[in-house]
Amino acid sequence: MTNGAAAPQQIHPLKAGLEDVIVSTSEICFIDGHKGRLLYRGYDVDDLVEHSTFEEVVYLLWHGRLPSRKELDVHVKALASTANRRLPSKVLSMLKLFPKKTTPMEILRTGVSALSAFDPDSNDNSREATLRKALRLTAQMPTLVAAWERIRKGKAPVSPNPRLNLAGNFLYMLTGKKPTPLAAKTFDVALILHADHEFNASTFAARVTAGTLSDLHSAIVSGIGTLKGPLHGGANEQVMLMVEKIKDPAKAEAWIRKLLAERGRVMGFGHRVYRVADPRAKHLRRLASELGEQVGNTSYVKILDTIASVMSSEKHMFANVDLYSGAAYAAMGISTDQFTPIFALSRVTGWAAHVLEQHGNNRLIRPRSEYTGPTDAKYVPLSER
Ligand SMILES: CC(C)(COP(=O)(O)OP(=O)(O)OC[C@H]1O[C@@H](n2cnc3c(N)ncnc32)[C@H](O)[C@@H]1OP(=O)(O)O)[C@@H](O)C(=O)NCCC(=O)NCCS
């Protein structure tokens, strides 16, 4: 510029919903949407499902590598300790004050915010403190979700059992009974599959919050609020509501064809990144099917399979992570409105990994909008309007 005027700012073209926009680099998670691959820190999620445990995956996400035996033992013990899993008694008392109709997702959002007030590291955003907070929250959130399930049903909360892993302990705290090995294994695999998924909406929200140098609990609350919507984590509940409406596998095909004819949105299908099947769905289908057979309810999976076949042939759209997960949880006797909180029990670990990464190399996330409103509005005094 020769006249000293500032160069016009280069504004990139608008991409609705930030589709395909790269907003950051990240070493945590990779999705190949064309090949249907999902990697955590370079490890294929299929391998992690086969060989790993949720606790080990959490270590991998937070520390960027698989742990040694000794490191894993310490980590597993810390996640299972009653000191880390227990809720402060005042948070438990607070839960008893809520109307019984309060949804588990509202309780989770409020409860995580309340837990911040009792966390000894709440004002410390160092990496070490954030890791300690992440560990406590990962250990506490199942207790919070299970306690609310008990309280809203008029039952006493069940204390955590430090001899059970996170999956088994959560199911134990819900019912007061040790889960079957298949239920505990299924739940553990579901936790592995939900732990992270690159820059999905809730992770992005958590990173935006962390990017202001806000703390872990605040970022997790942003994540929970974002996960709640039916286009994101809330879809798993919507799938089950649809299955309950269809009821009979023989009616599923006609039901779904009618919905498509009315241009309805079928929950549990479609994805912003995957152009082929979501690699998580096949594991959840298998587990839902095995569990369904064990408890004598095969109709949920039959209904979902019929819907999947119509969606594939009519819309070339495939099951995402939310299609079969609910059928597995329902076979364990879990209430439908607990499905999205369960998603959060796992995803909190991915959110925490992203908060650590964001804090480690931070720049405020502050995009622009393309202004389409008026520019010459003249103020009219109130008396003249
Ligand atoms: C995940 C999701 C929000 C991604 O949406 P997106 O990338 O913004 O795609 P759009 O909403 O712009 O949809 C693009 C087209 O596909 C259609 N479509 C997308 N998902 C659909 C679905 N689940 N059922 C029916 N049609 C769908 C839209 O109607 C639209 O069609 P049109 O161009 O004829 O209007 C979307 O697929 C969806 O709503 N799925 C159901 C909710 C769900 O399962 N969410 C969990 C995701 S893991």
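Counting starts at 1 for both ligands and their atoms, in listed order. Quantities reported herein were computed from a predicted structural model and do not represent experimental measurements. Along the sequence shown, residues are numbered consecutively beginning with 1.
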>> Using ring centroids (six-membered ring only for Trp), state whether Phe118 and His217 fall under 6.0 Å.
In response: no
>> With salt bridge (charged side-chain N to carboxylate O under 4.0 Å, His left out) as the rule and sequence neighbours excluded, what pairs involving residues 125-149 come up?
In response: Asp119-Arg136, Asp121-Arg132, Asp121-Arg136, Glu149-Arg152, Glu149-Lys153
> Between Thr143 (side chain) and Arg85 (backbone), is there a donor-acceptor pair under 3.5 Å?
Replying inline: yes
> Partners of Glu253 by salt bridge (Lys or Arg N to Asp or Glu O under 4.0 Å), sequence neighbours excluded?
Replying inline: Arg257
>> Phe343: which residues meet the ring pair (Phe, Tyr, Trp, His ring centres under 6.0 Å) condition with it, sequence neighbours left out?
In response: His194
> Salt bridge between Asp73 and Lys77, side-chain N to carboxylate O under 4.0 Å?
Replying inline: no
Contact table, ligand 1 N/O with protein N/O, distance under 3.5 Å:
from: ligand 1; atom 1: 7 (O); to: Arg272; atom 2: NE; distance (Å): 2.7
from: ligand 1; atom 1: 8 (O); to: Arg272; atom 2: NH2; distance (Å): 2.9
from: ligand 1; atom 1: 11 (O); to: Arg265; atom 2: NH1; distance (Å): 2.9
from: ligand 1; atom 1: 11 (O); to: Arg265; atom 2: NH2; distance (Å): 3.0
from: ligand 1; atom 1: 23 (N); to: Val266; atom 2: O; distance (Å): 2.7
from: ligand 1; atom 1: 23 (N); to: Phe269; atom 2: O; distance (Å): 3.0
from: ligand 1; atom 1: 24 (N); to: Val266; atom 2: N; distance (Å): 2.9
from: ligand 1; atom 1: 34 (O); to: Arg263; atom 2: NH2; distance (Å): 3.3
from: ligand 1; atom 1: 39 (O); to: Arg265; atom 2: NH1; distance (Å): 2.7
from: ligand 1; atom 1: 40 (N); to: Phe269; atom 2: O; distance (Å): 2.8
from: ligand 1; atom 1: 44 (O); to: Gly268; atom 2: N; distance (Å): 2.9
from: ligand 1; atom 1: 44 (O); to: Asn320; atom 2: ND2; distance (Å): 2.9
from: ligand 1; atom 1: 45 (N); to: Leu231; atom 2: O; distance (Å): 2.9

